[in-house]
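What follows is a single structure, written as structure tokens, with notes after it.
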Amino acid sequence: MTDTVLDLAGIGIGPFNMSVAAHLDSLPEVKAAFFDRRPTFNWHPGLMLPGAELQNSYLKDLVTAANPTSPWSFMAYLVRHKRFYKFLNCEFDAVYRKETAAYFKWVASSLPSLNFGHEAEQVTFDSDRFTVRFGNGSSVQARSLSIGVGTTPSVPDCAAPWLSDTCFHASEIVFRKNALRGKKVAIIGGGQSGCEVFLDLINGAVGDQDRVLWFSRRPNFEPLDASAFTNEYFTPEYSDRFHPLPAALKTLKLAQQKLASDGASPSTLLAIYRRLYELTYLDGCQADLRLMPNREVVAIERQGNSYALTVRNHFDEQLATYHVDAIVLATGYATRTPACLDGLKGRMQFEGPDRYALNADYSVIWDGPASNRIYAVNASRHSHGIADPQMSIAAWRGATIVNSLLGRMHFDLELPPSLVRWGTEDGDTPAALIAEAAE
């Protein structure tokens, strides 16, 4: 590695750190480099099921919301690959996930600041700079860091002892689904991943002896709320108003907004319903295909080559046991603090396990110099709102980090007031003053 002190070193190369890198590519005076332990970029390869769609607009890419003339936009990708008109002619309501992955891979293979095959093992700070040491023996120094290591599959405690070729997270479904054919399968989780896994298993040939049980803790298989006013949650204006709220109020609002970010695509739900109609009423299929909402899997036991699932039905509060050959865990993802930061943890503020205390510019609150920042991407849902893990404000967030790094407004991120007035406005009279005046 070079002896030059970088202005920014990025740890982890996923879409969100790539957004920062893409923005910085237009600023040659900024010395930045990003590092990832993987030999090449690959975005969720285990979830690339046929027909799987992204739940965001293709305009919510790495750069467009802050820099629409960037050479790293999704539109630039289409033009570069000579399929702009063909893409438009498809009239996609949503972009295929594998198209988005190809776009990300194109950027990852072209941006010169991205470095793969470098696993960050230790980060230290001395005087005015960070030192990042890698597993291959090299190291770099940087004045600031951007942490974008992504999330890890979340596994329920009752399933953790049984992880294997027949009990695995949905993030591996592409690599393992062929082994599920002809088996009795349980899917745990009622979000978009659970929908896609269930639909994939019931598409194609379904025999009378097949069994697919789909459990969800939710009261029904509920669609994503993507209405116009709900989508206001996924705007920079809302994030700005959300960040200063008290932590307890943020937690309450995140729970209230669950279906705005974690519902299933209506098109996927409709495809499932139509397929079940076809199998049941037109094909006369006798397969055991059960959709079971309001269920909580409370225990899993291994019994020879099969599993016994104890399930509580919160509709009638009854317990039941189901026997299957395989389990797919569509149970989401969790944020994590990378081990390479262990030496700095005592200097950083947290709001809970693996929850950084973050400033509005996505920098971690810590006891080091204000000029040396540790930015965190895809780790701010608790502090900035439900848009954080999605692409909705990725370009805006990346530009916010670049502006903070530069100490000036390089990207114009000033926006007019939201169409929805979320907080108490300056012209409003607080209730406490009304009560005081009435006395």
Side-chain angles (χ1 to χ4, degrees), residues 44-53 55 93-94 96-98 159 162-224 263-295 297 300 302-311 313 315 320-332:
H44 296 307
L47 281 173
M48 295 299 161
L49 292 168
E53 298 174 339
Q55 291 183 306
D93 292 324
Y96 290 133
R97 191 177 291 155
K98 56 188 174 184
W162 315 118
L163 291 178
S164 63
D165 290 342
T166 55
C167 180
F168 56 88
H169 194 267
S171 58
E172 303 176 51
I173 185 62
V174 167
F175 309 124
R176 300 184 183 276
K177 67 175 185 175
N178 288 338
L180 300 180
R181 300 298 180 191
K183 285 187 168 61
K184 297 177 174 61
V185 181
I187 302 166
I188 301 174
Q192 180 66 13
S193 293
C195 279
E196 291 173 357
V197 172
F198 184 80
L199 180 59
D200 188 76
L201 290 182
I202 65 172
N203 271 335
V206 178
D208 288 346
Q209 302 306 311
D210 286 342
R211 187 183 207 194
V212 183
L213 311 179
W214 184 16
F215 300 103
S216 174
R217 289 186 299 181
R218 305 178 192 193
N220 203 342
F221 296 98
E222 298 170 321
L224 182 76
S265 295
S267 59
T268 310
L269 291 173
L270 182 58
I272 289 172
Y273 200 94
R274 286 176 171 173
R275 178 59 175 157
L276 290 174
Y277 179 94
E278 178 184 22
L279 288 169
T280 304
Y281 300 114
L282 305 181
D283 296 346
C285 181
Q286 300 300 309
D288 187 4
L289 307 176
R290 298 194 211 178
L291 283 71
M292 292 186 282
N294 247 332
R295 265 73 163 193
V297 179
I300 300 175
R302 188 73 186 256
Q303 297 181 345
N305 293 325
S306 63
Y307 301 91
L309 280 65
T310 302
V311 179
N313 185 343
F315 182 78
T321 300
Y322 302 89
H323 296 272
V324 295
D325 303 318
I327 300 171
V328 182
L329 303 166
T331 45

So Ile327 and Leu309, side-chain contact (heavy atoms from CB on, under 4.5 Å) or not? Walk me through it. CA-CA 10 Å; Ile327 300 171; Leu309 280 65; 3.8 Å; yes

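- The shortest distance between side-chain heavy atoms of Leu47 and Val174 does not fall below 4.5 Å.
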Stepwise side-chain contact (heavy atoms from CB on, under 4.5 Å) test for Asp208 and Cys285: CA-CA 6 Å; Asp208 288 346; Cys285 181; 4.0 Å; yes

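- The environment of Gln303 atom CD is dense: over 12 non-hydrogen atoms of other residues, nucleotides or ligands sit within 6.0 angstrom.
- Checking side-chain atoms of His44 against main-chain N and O of Lys98 turns up no donor-acceptor pair under 3.5 Å.
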For Phe215 and Tyr322, what are the C-alpha separation, side-chain angles and deciding distance, and is it a ring-ring contact (aromatic ring centres under 6.0 Å, His included)? CA-CA 11 Å; Phe215 300 103; Tyr322 302 89; 5.3 Å; yes

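- Heavy atoms from other residues, nucleotides or ligands lying under 6.0 Å from NZ of Lys177 number more than 12.
- Closest approach of His169 to Gly332, counting heavy atoms only: NE2-O, 2.9 Å.
- Considering every non-hydrogen atom in both Ala170 and Ser193, the closest pair reads CB-CB, 4.4 Å.
- Residue Phe175 places its CZ atom among more than 12 non-hydrogen atoms of other residues, nucleotides or ligands, all under 6.0 Å distant.
- For Arg176 (side chain) and Phe168 (main-chain N/O), no donor-acceptor pair under 3.5 Å exists by modelled atom type.
- Here the side chains of Leu289 and Val212 are in contact, with some heavy-atom distance below 4.5 Å.
- The side-chain contact (heavy atoms from CB on, under 4.5 Å) check on Arg181 picks up Asp200, Leu201, with sequence neighbours excluded.
- Residues satisfying the side-chain contact (heavy atoms from CB on, under 4.5 Å) criterion with Pro266, sequence neighbours excluded, are Pro223.
- Side chains of Glu196 and Ile173 form no contact here, defined as non-hydrogen atoms less than 4.5 Å apart.
- Side-chain atoms of Arg295 come within 3.5 Å of backbone N or O of Pro293 as a donor-acceptor pair.
- Using a distance-only test at 3.5 Å, with no hydrogens or angles considered, no donor-acceptor pair links the side chain of Gln209 to the main chain of Gly182.
- With values rounded to the nearest 0.5 angstrom, Asp210 atom CG is found 12.5 Å from Gln286 atom CD.
- Considering all non-hydrogen atoms of both residues, Ile202 and Leu279 come closest at O-CD1, 3.9 Å.
- At most 12 heavy atoms of other shown residues, nucleotides or ligands fall within 6.0 angstrom of atom CG in Asp93.
- Residues satisfying the salt bridge (Lys or Arg N to Asp or Glu O under 4.0 Å) test with Arg211, not counting sequence neighbours, are Asp288.
- Between the Gln55 side chain and the Gly263 main chain, a donor and an acceptor come within less than 3.5 Å of each other.
- Considering every non-hydrogen atom in both Ala326 and Lys183, the closest pair reads CB-CD, 4.5 Å.
- At a threshold of 4.5 Å between non-hydrogen side-chain atoms, the residues Leu213 and Met292 count as touching.
- With rounding to the nearest 0.5 Å, the separation of CD in Glu53 from OG in Ser265 is 6.5 Å.
- Take Thr166 and apply the side-chain hydrogen bond (donor to acceptor under 3.5 Å, both in side chains) test, not counting sequence neighbours, and it matches Ser164, Tyr307.
- Atom CG of residue Asp283 and atom CZ of residue Arg275 lie 6.5 Å apart, to the nearest 0.5 angstrom.
- When side chains are defined from C-beta on, Cys195 counts as touching Ile272, because their heavy atoms get closer than 4.5 Å.
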Check step by step if side-chain contact (heavy atoms from CB on, under 4.5 Å) holds for Leu291 and Leu276. CA-CA 10 Å; Leu291 283 71; Leu276 290 174; 3.5 Å; yes

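- In this structure, Asn203 CG and Glu278 CD are separated by 8.5 Å, a value rounded to the nearest 0.5 Å.
- In plain terms, the two heavy atoms of Ala159 and Cys167 that are nearest each other are O-SG, 4.2 Å.
- Listed by chain and number, the residues in a side-chain contact (heavy atoms from CB on, under 4.5 Å) with Asn294 are Pro219, Asn313, His314, Phe315 (sequence neighbours excluded).
- Put simply, the side chain of Leu163 reaches to within 4.5 Å of the side chain of Leu329, judged on heavy atoms.
- Among residue pairs with one or both ends in residues 178-214, those qualifying as ring pair (Phe, Tyr, Trp, His ring centres under 6.0 Å) are Phe198-Trp214, Trp214-Phe221; sequence neighbours excluded.
- Taking OG1 from Thr268 and CD from Gln192, the interatomic distance works out to 4.0 Å, rounded to the nearest 0.5 Å.
- Contact record, Val328 with Leu180: CG2-CD1, 3.8 Å, taken as the closest heavy-atom pair.
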